[in-house]
*Asks:* 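The structure under discussion is supplied below as structure tokens; questions concerning it will follow.
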There are 4 protein chains.
Amino acid sequence: MSPLARAARLRLMAFDVDGVLTDGRLYFGADGEAMKAFHVRDGQGIKLLQAAGIEVALLTARTSPIVARRAQELGIARVWQGQADKWSGLLALCAAVGCAAQDCGYMGDDWPDLPVLTRVGFAAAVADAVPEVKAVAHWVSSCAGGCGAARELAEFVLRAQGRFETLLSQYRDGAHA
Amino acid sequence: MSPLARAARLRLMAFDVDGVLTDGRLYFGADGEAMKAFHVRDGQGIKLLQAAGIEVALLTARTSPIVARRAQELGIARVWQGQADKWSGLLALCAAVGCAAQDCGYMGDDWPDLPVLTRVGFAAAVADAVPEVKAVAHWVSSCAGGCGAARELAEFVLRAQGRFETLLSQYRDGAHA
Amino acid sequence: MSPLARAARLRLMAFDVDGVLTDGRLYFGADGEAMKAFHVRDGQGIKLLQAAGIEVALLTARTSPIVARRAQELGIARVWQGQADKWSGLLALCAAVGCAAQDCGYMGDDWPDLPVLTRVGFAAAVADAVPEVKAVAHWVSSCAGGCGAARELAEFVLRAQGRFETLLSQYRDGAHA
Amino acid sequence: MSPLARAARLRLMAFDVDGVLTDGRLYFGADGEAMKAFHVRDGQGIKLLQAAGIEVALLTARTSPIVARRAQELGIARVWQGQADKWSGLLALCAAVGCAAQDCGYMGDDWPDLPVLTRVGFAAAVADAVPEVKAVAHWVSSCAGGCGAARELAEFVLRAQGRFETLLSQYRDGAHA
């Protein structure tokens, strides 16, 4: 099946956080992680996926209140943190949403993402993912993590589902506001 | 009308914030957005526009006390935040300043900026704006957002209005201090 | 001896922090250093070294609670800060671990690292190290400090020790979780 | 006089801060500027200048306790902030140090630096300075501000004064610690 066909049937899109929605930098202070840098245009991409009726989720091995806070701002209800075993996490997530793993996408950057990427319907990698991750991905963004990779993925999926032009028109007309 | 002619009649220049005056990074902590990274030479560009008698404004869909704080430091009195409908925001801004939309410029980077960019007199995009925004812009900077794009725009406008050399001479002479 | 042979006998790998595990930026607030930006994939590299039985240590001239906090998260027990005389620090570290300097590696970026780099068994430099450091290194990463240099080193060492494929398989199978 | 000859007689080296010792980013929080990002290898360059007996100073139009804090860590006693009229600031600085403006260097990036750069003995610009600044500089770094420009300048000056190799030897021998 082509990447486009895989993206066309997507109902759930899950993202790793560090290195995918950020550029991988962990900003530490004396009390532990102080900040994460998300990208405004990645956030816009996530809003577009949601507007097209695709469920967006975050699935990450680390745990941080920062992720919960950003998810809240973007209206992402499904945030699964502390999932060292990401494949079990993804199965539970699919069950909660009520979709098959074949209708689920996942975007990752590193070895802990491999068990998920080798099994979901649409496996995506950021441009700066490690080679072993890019090797198993159905689709690789040209942007690096935290710098537009999630936005690029969102547009690829919207085009695959034939929703890109309609959404763009709504924005041109100011109808989304 | 050429971009230069459009810039020559500019009386009000409005900027989007995230992705235009910043590089798009949203620095989140556990309590929400903690910081924005503005650029010192963009700030200098805004001061030059003001010195040339052009009103500078900020017009943004998100709301942040950080934006208000930076605007205060730059002496930008007109800060319109929380404007999901940016075109209505711009019309209100023009009314407040007392100028027509044809004498107003706007610099943006993403889809929510389209209703404004397709209607103002001088539509500008940052180098890393999405293609749909660059396609409707009269002028595109060679610098990315947050890395000199606003400064580059300021210099283009100052040259269009024949003010560049005079201002530069004042700085050379230390007369601005 | 080839760099590969040097990496093959490695039992202890020590890293400088600023400019090696970070990109060299010191984020200062009014009260001094507020943050350091580590990279998530460098952290994963350190975990892989540890999984292969190699002791990981931090050895730095500056002193910061931020370094202690990041080390704690990565399970790095041996953190030697405030070591202006890095060679003495490394000798003490080797004694504590119980290995010879010939079985020890060190990754650095600047002049204060020279006394260590000219004496350890495996001397590594980041891509953006100063020329005098790269000149004495047995191995130079292609990634800059804080942007994957430590991860690249970890993979080089794991391959040298014949552990790369086994560890990768465990990650593919989700057996590491 | 050649740039090398100018650097050879340097007794006082003053740096602008934003855009020269930082990459120009102003990290703003809700209460104003929260952080500046300095570079560890620029700091090392400043220490090398001091070790060679050259007085280092900071001269900046903005005012920030962050600058004072970083200066303290680097042992820079002469910190002149809030100097909108930088030339007057530099003259006062020269008087305090007891040297002529011809024996003084200054590194800048933008228009407010022009009155100083056109008058000091050794005028330096960062690689990403605006063209008008680079046009009057005797020497332009190949590194951008905040990313090694000050270090590169320090090494140029040390070579011009014939101090580079001696200092390097001391570091190689660990004699600086």
*Asks:* A cation-pi test, strictly: NZ or CZ of B/R159 under 6.0 Å from the centre of the six-membered ring of B/W139 and no more than 45 degrees from its axis. Yes or no?
*Replies:*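 Judged by the rule (NZ or CZ under 6.0 Å from the ring centre, within 45° of its axis), B/R159 is not positioned above B/W139.
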*Asks:* Could you tell me which of B/K36, B/Q72, B/R172 has the largest number of non-hydrogen atom pairs under 4.5 Å with chain D?
*Replies:*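 So the answer, after comparing B/K36, B/Q72, B/R172, is B/K36.
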*Asks:* Using a cut-off of under 4.5 Å on heavy-atom pairs, state which of D/D128, D/T118, D/L117 scores highest against chain B.
*Replies:*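 Result: the option with the highest number of such pairs is D/D128.
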*Asks:* Please classify the contact of D/W87 with chain B as side chain, backbone, both or neither, using a heavy-atom distance under 4.5 Å.
*Replies:*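 No part of D/W87 comes within 4.5 Å of chain B.
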*Asks:* Any side-chain heavy-atom pair from B/E73 and D/R62 closer than 4.5 angstrom?
*Replies:*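 When only atoms from C-beta onward are counted, D/R62 and B/E73 do touch, with a gap below 4.5 Å.
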*Asks:* Pick one of side chain, backbone, both or neither for B/L48, based on which atoms fall under 4.5 Å of a heavy atom in chain D.
*Replies:*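 Only the side chain of B/L48 comes within 4.5 Å of chain D.
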*Asks:* Would D/T60 and D/Q83 count as having a side-chain donor-acceptor pair, cut-off 3.5 Å?
*Replies:*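 Side-chain D/A pair, D/T60 to D/Q83: absent.
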*Asks:* For B/F15 together with B/W80, are the ring centres under 6.0 Å from each other?
*Replies:*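 Aromatic pair excluded; centres sit 6.0 Å or further apart.
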*Asks:* Tell me whether the guanidinium CZ or amine NZ of B/R70 lies under 6.0 angstrom from the six-membered ring centre of D/F28 and within 45° of its axis.
*Replies:*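 Yes, B/R70 and D/F28 form such a contact.
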*Asks:* Between D/D18 and chain B, which part of the residue has a heavy atom less than 4.5 Å away: side chain, backbone, both or neither?
*Replies:*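 Both backbone and side chain.
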*Asks:* Out of D/D31, D/D110, D/D109, D/L114, which one racks up the most heavy-atom pairs below 4.5 Å with chain B?
*Replies:*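 Most pairs with chain B among the choices: D/D110.
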*Asks:* Between D/R6 and D/F122, is NZ or CZ placed under 6.0 angstrom from the six-membered ring centre and within 45° of the ring axis?
*Replies:*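 So D/R6 doesn't make the cation-pi contact.
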*Asks:* Please classify the contact of B/D23 with chain D as side chain, backbone, both or neither, using a heavy-atom distance under 4.5 Å.
*Replies:*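 Looking at B/D23, just its side chain touches chain D.
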*Asks:* Which of the residues B/S64, B/A37, B/A34 is involved in the greatest number of heavy-atom pairs with chain D at under 4.5 angstrom?
*Replies:*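 Top option by heavy-atom pairs under 4.5 Å: B/A37.
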